[in-house]
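A note on names: the letters A, B, ... follow the listed sequences, proteins ahead of strands, and every chain is numbered from 1.
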Amino acid sequence: MGIEQRRIDDAGLARGMAALTPEKIAKTFQALIAGECGARLRTYVETCMRCGMCGPACHYFLSHDGDPSYAPVGKVSETMWKLLKADGKVDPRVIGDCAQIAYTECNLCRRCMHYCPLGIDTAYIISVVRRLCHKLGVTPMYIQDTAHSHSATLNQMWVKDDEWTDSLQWQEDEARSEFPDLRIPLEMEGADFMYSVIAPEPKFRTQLIYQAAAIFHTAGCNWTMPGTPGWDNSNMAMFSGDAEIMGRVERYHFETAQRLRVKRIVMGECGHAFRAVYDVGNRWLGWKMHPVPVVHSIEFFWELLDQGKIRMASKYPGPVTIHDPCNVIRGRGLMDKLREVVNHICDGVVEMSPNREHNLCCCAGGGVINCGPPFKNVRIVGNKAKADQLKATGVQTCIAPCHNCHGGLEDIIHHYKLGMKLKFLGDIIYEHMEKPGAV
Amino acid sequence: MRELYEFAVGPMAWAAFGVFLIGSVIRLISMYSLARKKDGPFLSYMSWRFGLRSILNWLIPFNAQGWKENPLVCVTTFVFHLGLILVPLFLLGHVVLWDQYWGFSYPTLPEQAADIFTIAVIVACLVFAWRRATNRTLRFVTTGQDWLVLLIAFLPFLTGFLASQHVGPPLVMTTLHVLSGELMLMAIPFTRLSHMIFGLFSRAYMGSEFGGVRHAKDW
Amino acid sequence: MQNKASWDWEPGSRVIADTRDCSGGAEWIEEPYVSPDGERVAAVACVGEAQFTLCANGQPWENVFDKIWYPRFSPDGRLTAIVQSDGEWTLAVDDAPWEQTFAYLWGTRFSRDGSIIAASIQQDGEYGLAVDGEPWEGLFENATDFALSDDGSAGAASVQVKSLGQADIATFQQGVYSIAVNGEAWDAVFVNAWNPSFDAAGKRVAAALRHSLYEYGVAVDGVPWKSRFGSVWEPVFNPATGEVNAPGRVQGKWGLAVDDQMAWPARYAQLWHVAFTPDGKTTAAIVAPEFGSFTVAVNDRPWEATFPVVTDLALAKNGRAACLGSDCNKNFAICVDGRTWSGRYDMAWTPVFSDDGANVAVLVEKQGKRTVVLNDKVYREWFDTAFPPVFSPDGGKVLIRGISGGKFMRIVVTPDAFHA
Ligand code: SF4
Ligand code: SF4
């Protein structure tokens with residue numbers, strides 16, 4: 001019980017701790033509290049009744065047999081309260097522990113807000129801890145590298161300017177053997193929407209770009225993709241605590257859409273990216289709401305199906321279950337539309353329990369999966385609860401409209417030998433839709 | 001003893017209500033100005049509609065997910081808070097005091113009901129204490145202050161109940177009761193009991209963010 | 001730039017071409033682009049499997065390529081496009097591809113008058129700029145944020161000057177980025193170096209920096225300012241004084257730093273897109289005096305009219321300013337000198353001032369149709385698509401370029417063609 005018993009070696013954390021002195025920690029902490037924290041943090045710390053109701057909210061807590069150090073309040077107590085009590089006068093080791101808890105043992109999934117009567121935002125408190133760790137340079141190596149990539153290339157995976165458009169043109173070529181007149185329109189000013197994706201798509205999962213293009217082409221959409229940086233909607237700087245780079249990435253994303261004079265940004269099936277664009281990045285930049293409407297694929301597919309722009313030739317043989325990604329369900333309320341889409345394209349749904357706003361997180365989100373291999377087991381062992389939940393459905397296919405969820409669930413399915421297939425909505429729509437323009 | 005009693009129901013009562021009211025107002029104002037200064041953006045999402053929606057939904061027992069999955073805490077919390085509000089405000093003995101000092105009165109709780117609520121609050125406190133002592137999560141996060149505020153909330157009810165049952169010397173018990181009640185009043189703005197003041201706001205803020213921005217419920 | 005005075009400013013309407021004329025023999029034609037003077041309309045045409053050409057005023061180019069994208073007219077009216085043949089990319093200008101080809105080419109940019117054309121290139125995994133077909137001598141492991149000086153005489157980019165290993169956070173934090181000017185990198189390296197920009201003469205370069213993960217700054221010709229900020233946005237040169245202006249963030253608020261001194265105190269929730277009049281006397285920027293409400297500040301004085309979102313700040317030579325205000329990309333309004341026009345549109349483009357600053361014209365869209373608004377008065381005809389308006393040199397006439405039913409029309413009108 002407690003972080004001391006489960007410390008994990010990580011080059012980034014070790015390097016960060018080695019460069020710290022207690023004076024630097026105290027100074028940075030005090031400046032952070034004085035400069036960036038206000039009534040929210042103070043209220044939360046003061047009014048938390050230590051009632052423990054939030055414990056069963058957290059999949060880590062559930063998966064670890066109720067180990068209190070994984071309860072939301074337990075994690076806050078081990079990090080922010082400890083720091084506040086000591087006014088930041090702690091050893092580098094404590095910061096290392098705080099970092100491990102904040103970056104790898106909380107997905108910022110906000111499930112605990114459904115359990116705390118006082119509405120205490122544990123995810124916010126943990127984000128403040130991450131902000132501190134970022135300022136102290138104690139961040140897991142892989143997520144830090146990703147934040148570096150965002151700063152240098154405005155995308156998550158060091159994709160260079162030419163690699164981006166090149167991979168789009170390649171997918172356009174590929175798709176033309178199926179749809180001879182398909183286009184991935186680049187830099188087309190005045191289109192209805194700009195389609196944005198996360199960097200792993202051009203890097204590793206180009207098939208997803210192909211599928212999206214095939215769907216938009218078939219639906220007769222007037223769309224475009226940018227030919228410049230600003231195309232990546234993902235944002236790990238948001239999770240590493242680097243608010244400045246987070247803001248920079250979002251500025252370019254929105255300004256790219258504004259420059260292209262599109263009405264909306266439609267985003268691929270990614271949850272954290274949606275959160276960054278929908279209601280986090282804009283705030284740091286001073287916009288109360290996203291300056292260009294942001295539409296997640298779930299909602300966009302729903303529109304295409306609802307308006308009959310896409311018709312299904314067949315249904316995906318079910319039954320399937322639905323994984324609700326935190327960032328578009330608790331973060332955007334798309335649970336009904338998700339169900340309508342899935343019911344439309346699949347043969348039968350077996351719901352997990354609990355679901356919708358009360359879904360259990362995939363344990364990959366909040367940047368946890370981006371902390372890389374050293375913490376892979378933390379995610380897998382920390383989400384036995386999800387594995388049990390998946391298993392109880394007894395179905396062969398799980399639909400998860402989110403990249404992070406795919407990453408997390410894939411590992412869980414493999415580890416717990418659940419033998420399930422994971423699908424994006426786009427996978428199924430592309431496979432099973434009518435394709436009048438195809439050869 | 002008599003003087004102490006007179007002091008408790010006289011100047012001390014003034015002081016207690018004063019500390020409670022003025023303290024609460026000051027804390028609210030200073031928290032609000034801090035919020036305006038540092039959390040301005042977040043304040044701008046506050047919405048009456050979604051804030052109240054969230055508060056109301058959390059006021060229904062077993063409605064929110066947290067209540068559903070913590071049934072014992074749910075029952076105990078509702079009983080405790082109900083008693084905590086009803087007994088001090090509607091107990092005959094208290095209303096008589098209002099009448100005596102301020103010259104106004106209003107309907108009161110039947111004596112039996114008051115007794116039941118008092119006992120319920122006492123039992124609830126014991127349940128809270130038992131959880132705090134035995135539940136793994138609570139043990140992990142409990143601090144001295146958590147015990148202290150529990151004791152502060154417990155004492156007025158215990159002493160009140162004992163006094164009403166004529167246990168111990170009546171004047172001593174009544175004096176203790178009054179003093180402990182005043183202690184609690186004065187503690188509200190300055191301890192965790194301030195969740196009475198701030199809890200509504202933190203819940204409303206969460207409700208506003210979930211309802212107004214994220215289009216999801218938060219219960 | 002084409003000499004605007006020599007354009008046809010005779011009021012009247014001419015059909016220049018039918019954009020469908022190209023479709024003879026074409027499997028499809030793509031979206032149209034028009035020349036600044038409105039005399040030509042061009043589009044990419046697919047003329048066979050993996051065979052593309054450009055078609056202008058119904059005339060296809062002689063050259064056919066495997067791929068074509070980014071067709072753009074230069075300010076002097078030449079038609080350019082990025083083309084690929086046999087897996088090699090280059091830029092074609094008026095049907096003549098550059099001699100040299102590259103592994104990849106993108107980001108066409110023009111000098112102000114259009115006489116010089118440059119594009120970003122990648123050759124053998126190295127990056128740089130090619131100007132009129134000539135690549136930089138020094139290329140880099142990576143290059144982004146390309147810039148071309150106004151006169152086209154110099155180019156710059158943010159470049160990576162040291163290699164990074166896999167997840168090499170240590171080397172990154174020591175600094176591997178710099179700014180290259182004409183293929184030569186500054187001596188200094190930084191954690192990040194962004195947004196190089198040239199002064200009016202194309203001689204000096206300023207860039208935004210990150211000195212460490214936490215300290216942002218500005219460098220001019222490789223020499224960093226002393227000031228450190230919580231964050232910065234792109235620096236720009238005042239065209240008259242040569243002073244470098246950069247928005248900087250101090251304790252959570254934005255201000256404008258000029259030559260290493262805070263000139264506009266940091267009191268804004270946001271401050272960006274700094275612009276100047278040619279005489280350098282007026283500095284304007286898009287600002288947010290409060291969270292969630294944006295406007296334009298002229299010489300540090302924000303307008304009273306605010307909007308949830310403000311974009312497209314434009315300054316006239318005489319100091320007038322205009323911008324677009326929108327309700328998160330809906331209900332676009334045009335705001336000139338702090339006064340908001342009555343019209344609301346589904347989309348709008350950057351406001352255009354006449355040379356004397358007396359008139360403002362804006363391309364707008366409503367219910368899928370586009371037209372031009374002049375001083376809050378709407379042109380009588382709406383088009384399927386249209387392009388930003390151009391004023392005659394005396395400001396008395398407006399060139400409207402629009403396409404309806406496939407026909408590209410070049411229309412010269414006087415203000416009386418617009419109605420409230
Ligand atoms: S992982 Fe989710 S439920 Fe657990 S503490 Fe973090 S936000 Fe709360
Ligand atoms: S449920 Fe809320 S009040 Fe209770 S311990 Fe958790 S955070 Fe604190």
Residue A:Cys112 versus chain B: region with a heavy atom under 4.5 Å:
neither

So, the part of A:Tyr70 with a heavy atom under 4.5 Å from chain B: the answer is neither

Name the region of A:Arg356, side chain, backbone, both or neither, that has any atom closer than 4.5 Å to a heavy atom of chain B.
neither

May I have all residue pairs that pass side chain to side chain donor-acceptor pair (under 3.5 Å) and include part of residues 185-203 of chain B, sequence neighbours excluded?
A:Glu46-B:Ser194, B:Ser54-B:Arg203, B:Thr143-B:Arg192, B:Asp146-B:Arg192, B:Arg203-B:Asp218

Atom group of B:Arg132 that falls short of 4.5 Å from chain A, counting heavy atoms:
side chain

Per-residue contact mode, A:Val45 against chain B (heavy atom under 4.5 angstrom):
backbone

With a 4.5 Å cut-off on side-chain heavy atoms, are A:Leu62 and A:Leu360 touching?
yes

Contact part of A:Ile329 toward chain B, heavy-atom cut-off under 4.5 Å: side chain, backbone, both or neither?
backbone

Inspect the contact between A:Glu244 and A:Arg131 and indicate whether a charged nitrogen and a carboxylate oxygen are less than 4.0 angstrom apart.
yes

Residue from A:Met335, A:Glu78, A:Glu36 scoring the most non-hydrogen pairs under 4.5 Å with chain B is A:Glu78

Interchain contact, A:Thr47 with chain B, by part (heavy-atom threshold 4.5 Å)
both

Centre of A:Tyr124's six-membered ring, under 6.0 Å away, within 45 degrees of the axis: is that where NZ or CZ of A:Arg40 sits?
yes

Side chain from CB out, backbone as N, CA, C, O: work out which of these in A:Asp121 comes under 4.5 Å of a heavy atom of chain B, or both, or neither.
both

If you measure from CE on A:Met113 to CE on B:Met206, what distance do you get to the nearest 0.5 Å?
5.5 Å

